[in-house]
Amino acid sequence: MPLDLDTREQLLSSLRRFVAERLHPIEGEIAEKDEIPDSIVAEMRALGLFGLSIPIEYGGLGLMFEEECLVAFEMGRTSPAFRSVFGTNVGIGSQGLVMYGTDEQKSRWLPDIASGKLITSFALTEAEAGSDAANLKLRARPESDTYRLSGQKIFITNADKAGLFTVMARTGGEGAAGISAFLVPRDLPGLTVGRPERKMGQQGAHVCTVTFDEVCVPAAHLLGSEGEGFKLAMRVLDRGRLHISAICVGIAERLIADIVAFAQQRRQFGQALSQLQLIQAMIADSKTETLAARALTLDVARQRDRGDNVTLGAAAAKYFASEMVGRVADRAVQIFGGAGYVADQGIERFYRDVRLFRIYEGTSQIQQIVIARETVKAGE
Ligand code: COS
């Protein structure tokens, strides 16, 4: 059920205020410290951000996807590391459970995920299974009423904070059909989380290696049936890709606002930068592409809310929006010039931050493959 319009506006305006008043002023600080303050996380919990996509009966807000995109547009207007705090709980860390979980699994975990008490992570990627996800090697051997998991996952977002992992593991033969998904609590013996990696951008959001050394997982923690894990991961990613598109749109909107403010105040050749036609061309291209990405994202979100398959649409939206925000961030550095290249304006930080969007939850090249395959399959 969609929210009534008043409630929706209240949610979006309190979020807009939170981003402008609480997050915007500390963007530089969190990047330097590589940590989000606990007080900010507590405010995010109070705003309900961890439970945006969790059904109401489990304590979440149960938003429609279009509504989630509107929230993501607002959250995009600041450093993306802030969104990452609750990003896995809303997306890839929880949605396998929401889509495939039994009532028992859902009632056990979803309320704490919705409140933000429990952080979740999605563990798919391995050293030799990034884009080629169906080639993953982490083994799950059945043993009486348990499975023993052995292997390693890398680049796992929020792993250092996670209490629950959705782990894709091999229970059968080669390829996608041999993969199953498991809910793995962090405190099981044999599970270790490495130190956060040093990264190019998005400081404050952490990715770590997670190692499984004969971790004994109860069979009741199997998510869906044996062999369903790859499809589960792909369905979770279809959804996640669309959410990322909305974040990219929000960041582009933020960058355009920063560009406009700067271009009106900075003067060259006796006039404001905003009066110079070559600058105007960059503003126009950025605005046009952002509007296009916004419209595409909302269109696909509405298709998903209608129950349509959005594999192609989500891939197209993520491909276009992530490439688009890269171009907008590049133009922002260009328009700010020297002020864009030095660190204190924060523009170079966004330039580094947005680079990740073309890589995670499927690279641009993977999106191209998905778009082409689906188009050929549909014949149009
Ligand atoms: N939804 C539901 N099912 C899907 C699906 C989707 N979006 N995509 C694929 N499947 C199903 C296929 O229908 C197929 O099932 P059947 O064998 O029953 O027909 C099965 O999954 C295998 O699919 P496919 O043959 O397309 O697998 P490939 O190995 O060719 O891989 C790509 C497909 C490359 C698209 C996939 O591996 C991928 O998305 N890779 C990127 C992974 C990624 O995003 N990683 C980021 C890390 S997570 S932050």
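The chain is numbered in sequence order, starting from 1. Only heavy atoms go into these numbers, but all of them, side chains included; no hydrogens, no water, no symmetry mates.
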For Arg304 and Glu68, what are the C-alpha separation, side-chain angles and deciding distance, and is it a side-chain contact (heavy atoms from CB on, under 4.5 Å)? CA-CA 12 Å; Arg304 192 177 187 283; Glu68 187 179 318; over 6 Å; no
Going from CZ on Arg355 to CE on Met200, what distance comes out if it is rounded to the nearest 0.5 angstrom? 6.5 Å
Asp344 atom CG: more than 12 heavy-atom contacts under 6.0 Å: yes
Any donor and acceptor pair, going by atom type alone, linking the side chain of Gln275 with main-chain N or O of Ala272 inside 3.5 Å? no
Are Glu43 and Arg22 close enough for a salt bridge, meaning some N to O gap below 4.0 Å? yes
Between Ala332 and Leu255 the two heavy atoms that sit nearest each other are CB-CD2, 4.3 Å
Nearest atoms (heavy-atom pairs only) where Leu15 meets Met75: CD1-SD, 4.0 Å
Would a distance-only check, ignoring hydrogens and angles, find a side-chain to backbone donor-acceptor pair under 3.5 Å from Arg45 to Ser115? yes
Backbone N/O of Gln105 and side chain of Thr102: donor-acceptor pair under 3.5 Å: yes
Does a donor on one side chain sit under 3.5 Å from an acceptor on the other, for Asp299 and Gln303? yes
Is a donor from one side chain sitting under 3.5 angstrom from an acceptor on the other, for Asn89 and Thr120? yes
Heavy-atom distance under 4.5 Å between the side chains of Ser245 and Leu296, does that happen here? no
Over 12 foreign heavy atoms within 6.0 Å of CG, Asp38: no
Donor-acceptor pair, Thr290 side chain versus Glu253 backbone, under 3.5 Å? no
N/O donor-acceptor pair under 3.5 Å between Gln152 side chain and Val210 backbone: no
Rounded to the nearest 0.5 Å, what's the gap from CD on Glu35 to CD1 on Ile40? Could you check? 12.5 Å
Within a reach of under 6.0 Å around CZ of Phe155, are more than 12 heavy atoms found that belong to other residues, nucleotides or ligands? no
Distance-only polar pair, side chains of Asn158 and Ser121, donor-acceptor under 3.5 Å: no
Above 12 or not: heavy atoms from other molecules or residues under 6.0 Å from NZ of Lys287? no
Show the nearest heavy-atom pair for residues Gln345 and Ala339, with the distance to one decimal. CG-O, 3.1 Å
Can you establish whether the number of heavy atoms outside Gln265 located under 6.0 Å from its atom CD is more than 12? yes
If we ignore angles and hydrogens, is there a donor and acceptor under 3.5 Å between the side chains of Ser84 and Gln202? no
Residues Arg239 and Glu361 bridged, charged N to O under 4.0 Å: no
Closest approach of Ile36 to Gly204 (non-hydrogen atoms, all atoms of both residues): CG1-O, 3.7 Å
Are any of the side-chain heavy atoms of Ile251 and Ile247 separated by less than 4.5 Å? yes
Can you tell me if Phe18 has over 12 outside heavy atoms packed within less than 6.0 Å of its CZ? yes
Which atom pair, heavy atoms only, marks the closest approach of Glu66 to Asp305? N-OD2, 2.9 Å
So how far is it from Gln280 CD to Leu273 CG, rounded to the nearest 0.5 Å? 10.5 Å
Quick check: do Thr311 and Met234 have side-chain heavy atoms less than 4.5 Å from each other? no
Can a salt bridge be assigned to the pair Glu9 and Arg16 using a cut-off of 4.0 Å between side-chain N and carboxylate O? yes
Under 4.0 Å between a Lys/Arg side-chain N and an Asp/Glu carboxylate O for Glu228 and Lys231? no
Pairwise distance CG(Leu149) to CZ(Phe165) - rounded to 0.5 angstrom: 12.0 Å
Taking the side chain as everything from C-beta on, heavy atoms only, tell me whether Val310 gets closer than 4.5 Å to Arg302. no
Near Gln271 CD, under 6.0 Å, is it more than 12 heavy atoms from other residues, nucleotides or ligands? yes
Rounded to the nearest 0.5 Å, what separation is found between the CG atom of Leu356 and the OG1 atom of Thr157? 7.5 Å
Do the side-chain N and O atoms of Thr78 and Glu27 include a donor-acceptor pair separated by under 3.5 angstrom? yes
Could you tell me whether Glu104 and Arg108 have a side-chain N and a carboxylate O separated by less than 4.0 Å? no
For Ala205, is there any backbone N or O sitting under 3.5 Å from a side-chain donor or acceptor partner on Lys199? yes
Candidate list Arg139, Glu226, Arg141, His221, test side chain to side chain contact (heavy atoms under 4.5 Å, CB included), partner Tyr147, passing option: Glu226
Between Lys318 and Gly240, is there a donor-acceptor pair closer than 3.5 Å when you use the side chain of the first and the backbone of the second? no
Measure from the side-chain N and O atoms of His24 to the backbone N and O of Arg77, and report whether any donor-acceptor pair falls under 3.5 Å. no
Would you confirm whether Ser180, through its side chain, and Gly227, through its main-chain N or O, come within 3.5 Å as a donor-acceptor pair? yes
At what distance, to the nearest 0.5 angstrom, does CG of Leu188 lie from CD of Glu214? 13.0 Å
Decide yes or no for Ile26 and Pro37: does some side-chain heavy atom of the first lie under 4.5 Å from some side-chain heavy atom of the second? yes
So do the side chains of Leu12 and Val71 get within less than 4.5 Å of each other, counting heavy atoms only? yes
side-chain contact (heavy atoms from CB on, under 4.5 Å) assessment of Glu57 paired with Leu110: CA-CA 9 Å; Glu57 65 261 42; Leu110 285 179; over 6 Å; no
Are there over 12 heavy-atom neighbours, none belonging to Met1, within less than 6.0 Å of that residue's CE? no
Counting distance only, does the side-chain N/O of Lys106 pair as donor-acceptor with the main-chain N or O of Leu97 below 3.5 Å? no
